[in-house]
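A quick write-up on the structure given underneath.
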Amino acid sequence: MADKTKQFLLMGRIGYFGLFALIPLWLLWLAPPSLGNPYILLLMLWLPLWFPLPGILKGEPYTFAWANFIVMIYFVHSLTNLWVASGLYFWLSVVELMLALLMFFGCTYYARFRGQELGRKIPRLKDDPRP
């Protein structure tokens, strides 16, 4: 694996595991929500992060590619909180946004470069043999 690819792998994993740790810390200890059940919110926000875990640990480029769809949940959540929150909620949202961006860019470029190294490509439409 090329050094550039390893850097993006590390970047994606830092963002992923940072979000994986931040969500329960935020919702259960640092700043539990004042409305509703924190365990229901934890289930809604933390459960999606469990799906790509095996592929993230193995370094599967395909998993890193589709994990970007999941990270959009945290991107939108952080931007929404940045818009309406203040104090600790604001700063936790900043951390969530930074981790989401780190994961997004790390996953995107790791999937791209590792896929190229392994010879996996998405065929161009003009090269498609189907009529």
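Remember, predicted model here, so these are calculated numbers, not experimental data.
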Is there a path of hydrophobic side-chain contacts, each under 4.5 Å between heavy atoms of I, L, V, M, F, W or Y residues, that connects Ile23 with Val95? yes
Show every side-chain hydrogen bond (donor to acceptor under 3.5 Å, both in side chains) that has at least one partner inside residues 83-108, sequence neighbours left out. Asn68-Thr108, His77-Glu96
Identify the heavy atoms of Leu28 and Pro38 that sit nearest to each other, and give their distance. CD2-CB, 4.4 Å
Output the distance between atom CD (Gln7) and atom CE (Met1), rounded to the nearest 0.5 Å. 12.0 Å
Check whether any side-chain heavy atom of Phe75 lies under 4.5 Å from a side-chain heavy atom of Phe104, and answer yes or no. no
Contacts of Leu25 meeting side chain to side chain contact (heavy atoms under 4.5 Å, CB included) (sequence neighbours excluded), chain-then-number -> Trp29, Leu30
Leu19 side chain reached by Val71 side chain, heavy atoms, under 4.5 Å: yes
Measuring from atom CG of Leu99 to atom OG of Ser78, what distance do you get when rounded to the nearest 0.5 angstrom? 9.5 Å
Contacts of type side chain to side chain contact (heavy atoms under 4.5 Å, CB included), residue Leu47, not counting sequence neighbours: Leu43, Phe51
Under the side chain to side chain contact (heavy atoms under 4.5 Å, CB included) criterion, do Thr63 and Lys58 qualify, and how do the steps go? CA-CA 9 Å; Thr63 303; Lys58 292 178 190 171; over 6 Å; no
Treat each ILVMFWY residue as a node, draw an edge where side-chain heavy atoms are under 4.5 Å apart, and state whether Val76 and Leu79 are in one component. no
Contact between Pro52 and Ile70 at the side-chain level, heavy atoms closer than 4.5 Å - yes or no? yes
Scan residues 109-118 for pairs that pass side-chain hydrogen bond (donor to acceptor under 3.5 Å, both in side chains), counting only residues two or more places apart or in two chains. Thr5-Glu117, Arg114-Glu117
Result block: side-chain N/O donor-acceptor pairs under 3.5 angstrom for residues 10-18, not counting sequence neighbours:
unit_1	atom_1	unit_2	atom_2	d
Arg13	NE	Ile56	O	3.0
Arg13	NH2	Ile56	O	3.0
Arg13	NH2	Leu57	O	3.0
Tyr16	OH	Leu49	O	2.3

Nearest non-hydrogen partners of Pro61 and Leu118, listed with the distance: CG-CD1, 3.9 Å
Which atom pair, heavy atoms only, marks the closest approach of Leu92 to Ala31? CD1-CB, 3.9 Å
To the nearest 0.5 Å, how far apart are CZ in Phe8 and NZ in Lys4? 7.0 Å
Determine which pairs satisfy side-chain hydrogen bond (donor to acceptor under 3.5 Å, both in side chains) with at least one residue from residues 31-52, sequence neighbours left out, and list them in order. none
Please indicate whether Met44 has more than 12 foreign heavy atoms, meaning atoms of other residues, nucleotides or ligands, lying under 6.0 Å from its CE. no
Check whether any side-chain heavy atom of Tyr74 sits under 4.5 Å from a side-chain heavy atom of Pro48, and report yes or no. yes
